[in-house]
Novice: 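Provided herewith is a single structure, encoded as structure tokens, for subsequent inquiry.
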There are 2 protein chains.
Amino acid sequence: MKNDANGKKKMHLLSFVQHGVINHAQLMWAHPRDKIGYDYARPPFWQEMGRILERGKFDAIFLADVLAPYDVYKDSYEDTVRYAVQCPVHDPVALVPVIGCATEKLGIGITISTTFDTPYGMVRRLSTLDHLTEGRLGWNVVTSYSQNEFKAMGLKEMVPHEERYERADEFIEVCNRLWDSWENDAIIADAETGIYADPTKVHRVEHNGKYYRCNSPSFVRPSPQRRPVIWQAGQSGRGRDYAAKHAEAVFSIQPTAKALRCYADDIKIIFALQVVVDESRSAAEEKLSKLKSKIPVDASLAIMSGHIGYDFSQLALDEYVGQIHVEGIRGLLESVLATYDGAPVTLREAANFYGISLGAPVAVGNPADVADFMEELLDAGHGDGFNVMATYVPGCYQEFVDFVVPELQRRGRFRQEYSGSTLRHHLSEY
Amino acid sequence: MKNDANGKKKMHLLSFVQHGVINHAQLMWAHPRDKIGYDYARPPFWQEMGRILERGKFDAIFLADVLAPYDVYKDSYEDTVRYAVQCPVHDPVALVPVIGCATEKLGIGITISTTFDTPYGMVRRLSTLDHLTEGRLGWNVVTSYSQNEFKAMGLKEMVPHEERYERADEFIEVCNRLWDSWENDAIIADAETGIYADPTKVHRVEHNGKYYRCNSPSFVRPSPQRRPVIWQAGQSGRGRDYAAKHAEAVFSIQPTAKALRCYADDIKIIFALQVVVDESRSAAEEKLSKLKSKIPVDASLAIMSGHIGYDFSQLALDEYVGQIHVEGIRGLLESVLATYDGAPVTLREAANFYGISLGAPVAVGNPADVADFMEELLDAGHGDGFNVMATYVPGCYQEFVDFVVPELQRRGRFRQEYSGSTLRHHLSEY
């Protein structure tokens, strides 16, 4: 990790959004300043988002994803649909060219599961997008963990957790071989002789593995980054091993610096962070309080149940979370608990916090407060940057870019200008 | 089929291209006026193409596809790679938003195989694109017929032809149910109550069929066209049955009007047509002759072998095609033979013709000649329009739009202006 002259580590900034009615904070589509709820399916909204983030010199816009409506809470997707709890969510892949055509430097990261595709098909899709964005593509590799996704896609059985990573390991290996199947000088494109490429420099990938097979070279010529920047979001032990082996950056949702740790030296660790900023501390605090006050508890519990895989409708809302003893979810609940530094909170309060930030920390205050919070979290947590979560959009990013980015730049904590054009460049610049 | 006042049937026009180094005529990347060979992987080329076709009031840009390099000829992909015989070909899906963002009315049709995807995933992808283009998406449903595609994707066995259509039948049925899973008035989006959608109007599709399963509503809210316009290109008996059941338009590559036939009354039949136009007939004929003269015979035979599934390197180039008697390919060769109206041609000549047009007719001459040819073909063949093939691009479409379109409009054979904004509207306008 490179530090600048004053010894302070510079940070990377990504936005943490989805191609749906809301992002990761509940009910924001209903906020008077939110545009996504109505415009999420149309290009101008996303092109404006891209331009705002590029103006703020963000490393990338990052599009998370989910493949089907959560249906763990009350064993139904009723509240998920009713409150637009990440539902509908459209295909993020299609946004890459939309945002790419409106920007020049901003990286564009998407989430695609390895579970429902083939390595050959994935490489073709991703390399095509890396071309169309001239080398700005990132791929957040996920393996799918939810029963509802498997049911929607029509796979009878969930692939067990361990096997999913074993499959994903092999999947990426085949992808890497396909990405290397055209040598750098394979393309000749000589109009005189009519020879476009030298077939001796285009190599058939012959793979006959435990889970995947392939027998072809890639069908896409090498793209500007050759392979997209690989991201990974797994928090489990197996997920961390996977990340250490394949990923260039890791996304982590951890609530306090105490809980943060490095698990590989040469990987960038990017922390999720919700930000509510205003000119004054009191205005920001009032804003956050208002945003949280309107979130229906059923919306928060629908997403929390979906993520944790436990139906929280079985518990009383006034029960103290610390006293909940349910097999298998204790560790997961701790991430919510820990945000309160041990003070007893009820399930209702925990859900409300989850509803605004998925358990990630919330930086609230004036620009200096937010910058202080981010500096401390970065240094104490040994992180490399932030996935800045959204409230109302694109307004919250306009505010972040106008208020917080200049403060971070003044403190030598963030780039003043892009120094290159590819996503890999941005992430390895410091 | 609606006729205009003078009793002449109006035609539909689509362009027939690919997201690759070349389209369907060999070696065009090497032509001094061709831009695709160098710019096919970058958005500005495609945005210019879209604007040219929209200026010409085309119904749609149609992107054909192939999934892996042809390797039947000489049992190798050597000549396919060497001469860029539809290789590389990038993912056409990614071009939809690129072209969509640069145009307002032009339909955008893509080819995706049902063989390597799930109905749920397909619906999510297509509905997302129909939103982002505000209702301009067409889907050419194919089932994949080439061994090399199955090998690349890692499927051990080819799915037999009959079973592929049986699978595709079921595939589309599940897609249709997903496209209908949100009722028209399901979305409420009431900011006061926080209720986004009425869950009683969002229906779970429960399908447990022979080949596919699904258990979820669609994850995309109804798009402007609700489902893309469905196209089909199968020429076999089974393919035609499939088209009659599911398709709104059918693509056909037939070399003369004699060979054309309708196989369902309410489906639009679109004929592939290669066009070489210039101000004078002699200039056009000279242009065509030059374009054909440079095509390497190995390039033509590589694509012909790939399409027909027979390795033509086993035959002598000077053999007369009429004397070739090889089990299983006789009927397929006839489409090439027929273009010469029975006159004996050698394999070399047939290949050259295949190299410029895939066996589709070639309209060559001044604007009036081309318009005459198109009128006659349309009326005699009972067709509804043309897939206009490419030579050098975008130049050949500029010429078509500047020379041929005004002539067709003067004759009352083609629209003067768009009268609506969706692809389905364009295709059903007359």
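Only heavy atoms go into these numbers, but all of them, side chains included; no hydrogens, no water, no symmetry mates. Just so it is clear: chains get the letters A, B, ... in the order the sequence lines come, proteins before strands, and each one is counted from 1.
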Novice: If the plane angle is over 60° it's perpendicular, under 30° parallel, otherwise tilted; pick one for Trp29(B) and Tyr196(A).
Specialist: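 Judged by the thresholds at 30° and 60°, the geometry between Trp29(B) and Tyr196(A) is perpendicular.
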Novice: Return yes if some donor-acceptor pair links the side-chain N/O of Arg82(B) with the main-chain N/O of Asp198(A) below 3.5 Å, else return no.
Specialist: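 The answer is no, because no donor-acceptor pair under 3.5 Å joins these two groups.
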Novice: Answer yes or no: is there a side-chain heavy-atom contact under 4.5 Å between Leu95(B) and Pro97(A)?
Specialist: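 Heavy-atom side-chain distance check fails, nothing below 4.5 Å.
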Novice: For residues Arg221(A) and Gly37(B), report the shortest heavy-atom separation together with the two atoms involved.
Specialist: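 Taking every non-hydrogen atom into account, NH1-O, 4.3 Å.
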Novice: Is Val66(B) close to chain A through its backbone or its side chain, or both, or neither, when contacts mean heavy atoms under 4.5 Å?
Specialist: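 Contact with chain A is through both the backbone and side chain of Val66(B).
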Novice: Tell me whether Thr128(B) contacts the main-chain N or O of Asp91(A) through its side chain, where contact means a donor paired with an acceptor under 3.5 Å.
Specialist: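 Yes, because the side chain of Thr128(B) sits within donor-acceptor range (under 3.5 Å) of the backbone of Asp91(A).
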Novice: Could you tell me which portion of Leu132(B) (side chain, backbone, both or neither) has an atom closer than 4.5 angstrom to a non-hydrogen atom of chain A?
Specialist: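 It is both, since atoms from each part get that close.
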Novice: Need one label for Phe150(A): side chain, backbone, both or neither, based on atoms under 4.5 Å from any heavy atom in chain B.
Specialist: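 Answer is neither: Phe150(A) stays 4.5 Å or more from chain B.
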Novice: Does Pro217(B) reach the side chain of Pro69(A), with side-chain heavy atoms less than 4.5 Å apart?
Specialist: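 Yes; the side chains approach each other to less than 4.5 Å.
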Novice: At a heavy-atom separation under 4.5 Å, does Pro296(A) approach chain B through its side chain, its backbone, both, or neither?
Specialist: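 Contact with chain B: none, neither part.
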Novice: Measure Phe45(A) against the heavy atoms of chain B and call it side chain, backbone, both or neither at under 4.5 Å.
Specialist: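 Interface part for Phe45(A): neither.
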Novice: Is Trp46(B) close to chain A through its backbone or its side chain, or both, or neither, when contacts mean heavy atoms under 4.5 Å?
Specialist: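 When you check distances to chain A, no heavy atom of Trp46(B) falls under 4.5 Å.
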Novice: Heavy-atom cut-off 4.5 Å, strictly under: side chain, backbone, both or neither for Glu134(A) against chain B?
Specialist: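 Contact with chain B is through the side chain of Glu134(A) alone.
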Novice: Counting only non-hydrogen atoms closer than 4.5 Å, does Asp190(A) touch chain B with its backbone (N, CA, C, O), its side chain (CB onward), both, or neither?
Specialist: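 Asp190(A) touches chain B through backbone heavy atoms alone.
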Novice: Checking Ile188(B) against chain A: side chain, backbone, both or neither under 4.5 Å from a heavy atom?
Specialist: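 The answer is neither part of Ile188(B).
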Novice: Considering only heavy atoms, which portion of Ile187(A) lies under 4.5 Å from any heavy atom of chain B: side chain, backbone, both, or neither?
Specialist: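 For Ile187(A), neither part sits under 4.5 Å from chain B.
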Novice: Which bit of Ile195(A) comes within less than 4.5 Å of chain B, counting heavy atoms only: side chain, backbone, both or neither?
Specialist: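 Both backbone and side chain of Ile195(A) come within 4.5 Å of chain B.
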